[in-house]
Amino acid sequence: MENPTNLLEQRRFKLAELKRLGHDPYPHRFDYTHTLGEVRRRFDGIDASELEERRETVKVCGRIMSLRLQGKAGFIDLSDGEHRLQVYVRRDFVGQENFALFKLFDIGDIVGAAGTIFRTRTGELTVSATAVSHLAKNLLPLPEKWHGLTDVETRFRQRYVDLIVNPEVRSVFVKRSRIIREIRDFLDARGYLEVETPVLQTIAGGALARPFRTHHNALDIPLYMRIALELYLKRLIVGGIPRVYEMSRIFRNEGVSTQHNPEFTMLEFYQAYSDYSDLMDLSQEMITLIAEKVTGSRQVPYGGHILDFDKWQRLSMKEAICRFWPESIPGPAMEDLQSLDRLRSFAGSINAHFEPTDGPGKLMALLFETVAEDHLIQPTIIYDYPAEVSPLSKTKPDDPTMVERFELYIGGMEVANAYSELNDPAEQKARFEEQLQARGRGDEEAHDMDLDYIRALSYGMPPTAGEGIGIDRLTMVLTDSQSIRDVILFPLLRPEQLSGE
RNA sequence: GGGCCGUUAGCUCAGUCGGCAGAGCAUCUGCCUUUUAAGCAGAGGGUCGCUGGUUCGAGUCCAGCACGGCUCACCA
């Protein structure tokens, strides 16, 4: 057979050559003695002469990341995704047959090598092979070694290739895993029970968002994918589990952006006999600790800023509106934020879009989001929200239009949302009814009535504080990622047209 | 959904005024037994995202479509 010119045909040709030489092209296993990381840990500190004396033998395996052929010898760099190790293959050390096999190796192939550890003239730790094995063929060439893979679409669609060639991508997901583990450790150490609640729900509640719809065939009923964990976790507080959390996927049928993916990971935790101010302290402690454990410092780079987790600030929503109001436009005083007419005129003055049916609470939240959110780069707790936009929160003792709720902002993003939970079933029912009216006015995101939840509250729920933390966004902040897709392994994309070849 | 930008070799990218489709890496052939962005000599590789249009002639100009990115709106 002649050497084909097409890259793919060349690889298939080499695969056929492997078979022709009597090698199983896809062997079942490989008995390695050390991972590449173990070799590095064990021998990295040992100099050339000592290695020569010790003649340590190893069997290692990994993917070929580069290959330098040099006549009757050659070097390959193996990677296991995290560590790299060089292998030296020399014809008079491995023999004719193994050397013929070695010549069929391509960049990207998975191979094994047995041999002794030594250092080359340039000092690099290397396995001098006495035998090589072929373990799996790379039929689709990898991106080049200098620029790597930068095309964003290919990186997301073929994350496996992204992970092979871009080591920093792996490090983001290692950090993400660490964040999740630290959160579990933190909550477990404080007596929280981790639970799992339904993803498929007949009423998608606990947040103001549009759900995905699905259908159960056997029961022939419509179902929704959950948009929050909240209402089931509070049922468990009623059931006598005073500290409970769930960290899992939720789904919102909304747009995608650098800060939104339709499925994302949320931590929600609930603590009985506490209110929102307890959770302010707890969140601050937890997030600062995680930042330090995951990044090694309480000062963390993000988007050209240094986030300082030693300097948290706390502002009420009204204070934040007044403080961050643009200087060029006459701004409100605190007392102006009560009056519907004034709120409307202030919203107009900053070109914020609102509906005539929006009440004062919605307008206040709108003013906040418009003028303040972008300024909240440093870790900031914004507290005391309008009741109108918080149907599940307990009102302030001195002001029934406001609730005990706070959100945590870092890097200009909302990272957490917490409140003192409304536990009066009669008031909860009234709040749901208000939401139904908003729904009647066309607000698709208004909360649905959940009569079982009212029934649960009627058995008595202790005073409780609860919080939700967006794990994807927290990961963005702690890995200096500007897009949520950089912290989600397989973000949602439109389907791709793939031909069979 | 709106606005802006992008799509050229396996990868990263050039392509001028509309006039023969280019480079580096990768690949192939030859040489090379401690290289590491190995080296030297040579070669092959293209549905220029898709469909139309204008033109003697389109990667280039025009229209539509697809996919993606950023951004606005919505949201966490």
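Lettering follows sequence order; numbering is per chain, from 1. Nothing here was measured: the structure is a model prediction, and the numbers come from that model.
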Q. Which is true for Phe264(A) with a 4.0 Å heavy-atom rule: it touches a base, it touches only sugar-phosphate, or it touches nothing?
A. base
Report all interatomic pairs (protein N or O, nucleotide N or O of nucleotides 47-49 of chain B) with separations under 3.5 Å.
none

Q. Looking at U35(B), G68(B), U33(B), which one has an atom nearest to any side-chain atom of Arg121(A)?
A. U35(B)
Q.
Counting the atoms with a prime plus P, OP1 and OP2 as sugar-phosphate, which does Arg91(A) contact under 4.0 Å by heavy atoms, base, sugar-phosphate, or nothing?
A. nothing
Q. Which of residues 66-85 of chain A have a heavy atom under 4.0 Å from RNA chain B?
A. Arg68(A), Leu69(A), Gln70(A), Gly71(A), Lys72(A), Ala73(A), Phe75(A)
Q) When the ring planes of Phe368(A) and Tyr409(A) are compared, do they come out parallel, tilted or perpendicular, using 30° and 60° as the limits? A) perpendicular
Q: Would you mind checking if Arg431(A) and Glu434(A) are paired as a salt bridge, meaning a charged N to carboxylate O distance below 4.0 Å?
A: no
Q: Applying ring pair (Phe, Tyr, Trp, His ring centres under 6.0 Å), name anything that partners Phe99(A), two or more places apart in sequence or on another chain.
A: Phe102(A)
**Q.** Involving RNA chain B, stems made of at least three consecutive Watson-Crick or G-U pairs, both distances under 3.5 Å
**A.** B:1-7 with B:66-72, B:10-13 with B:22-25, B:27-31 with B:39-43, B:49-53 with B:61-65
Q.
His375(A): which residues meet the ring pair (Phe, Tyr, Trp, His ring centres under 6.0 Å) condition with it, sequence neighbours left out?
A. Phe324(A)
Q: Please work out if Asn261(A) contacts a base, only the sugar-phosphate, or nothing of the nucleic acid, heavy-atom cut-off 4.0 Å.
A: base
**Q.** salt_bridge(Arg176(A), Asp472(A)) N-O dist < 4.0 Å
**A.** yes
Q) When you measure from the side chain of Thr258(A), which nucleotide among A38(B), C70(B), G68(B) comes out closest? A) C70(B)
Q.
Does the Lys NZ or Arg CZ of Arg405(A) fall within the cation-pi geometry relative to Tyr385(A) - under 6.0 Å from the ring centre and within 45° of the axis?
A. yes
Q. To the side chain of Phe118(A), which of A38(B), U34(B), C70(B) is closest?
A. U34(B)
Q | Smallest separation among heavy atoms of Tyr419(A) and Leu392(A), with atom names | A | CE1-O, 3.6 Å
Q) Is there a donor on the side chain of Gln86(A) or the base of U35(B) sitting less than 3.5 Å from an acceptor on the other? A) yes
Q: Ignoring the backbone of Lys14(A), work out which of U34(B), A38(B), C28(B) is nearest its side chain.
A: C28(B)
**Q.** Pairs involving residues 361-379 of chain A, ordered by first then second residue, that meet salt bridge (charged side-chain N to carboxylate O under 4.0 Å, His left out) (sequence neighbours left out)
**A.** Lys362(A)-Asp443(A)
Q) salt bridge (charged side-chain N to carboxylate O under 4.0 Å, His left out): which pairs involve residues 128-142 of chain A, sequence neighbours left out? A) Asp106(A)-Lys137(A), Asp109(A)-Lys137(A)
Q | RNA chain B contacts made by residues 34-52 of chain A, counting heavy atoms under 4.0 Å | A | none
Q: Using a 4.0 Å heavy-atom cut-off across all strands, classify Glu414(A) as base, sugar-phosphate, or nothing.
A: sugar-phosphate
Q. Can you list every pair that meets salt bridge (charged side-chain N to carboxylate O under 4.0 Å, His left out) and has a residue in residues 118-130 of chain A, with sequence neighbours left out?
A. none
Q. Among A26(B), C70(B), A76(B), which is the nearest nucleotide to the side chain of Ile107(A)?
A. A26(B)
Q | Any residue meeting ring pair (Phe, Tyr, Trp, His ring centres under 6.0 Å) with Trp312(A), in chain and number order, not counting sequence neighbours | A | none
**Q.** Passing candidate, side-chain contact (heavy atoms from CB on, under 4.5 Å) with Leu36(A), options Glu82(A), His83(A), Arg41(A)
**A.** His83(A)
Pairs under 3.5 angstrom, nitrogen or oxygen only, protein versus nucleotides 7-13 of chain B, please.
from, atom 1, to, atom 2, distance (Å)
C11(B), O2', Gly148(A), O, 2.9
C11(B), O2, Glu144(A), OE2, 3.1
U12(B), OP1, Thr150(A), N, 3.2
U12(B), OP1, Thr150(A), OG1, 3.4
U12(B), OP1, Asp151(A), N, 3.0
U12(B), O3', Thr150(A), OG1, 3.4

Q.
If you assign Met266(A) and Glu124(A) each to the RNA chain B nucleotide with the nearest heavy atom, which residue ends up on the more 5' nucleotide?
A. Glu124(A)
(Q) Is it the case that atom CD in Gln313(A) sees more than 12 heavy atoms from other parts of the structure closer than 6.0 Å? (A) yes
Q: For nucleotides C67(B) and G49(B), find the distance between their C1' atoms and express it as a whole number of Å.
A: 8 Å
Q: For Phe43(A), check ring pair (Phe, Tyr, Trp, His ring centres under 6.0 Å) against everything at least two apart and list the hits.
A: none
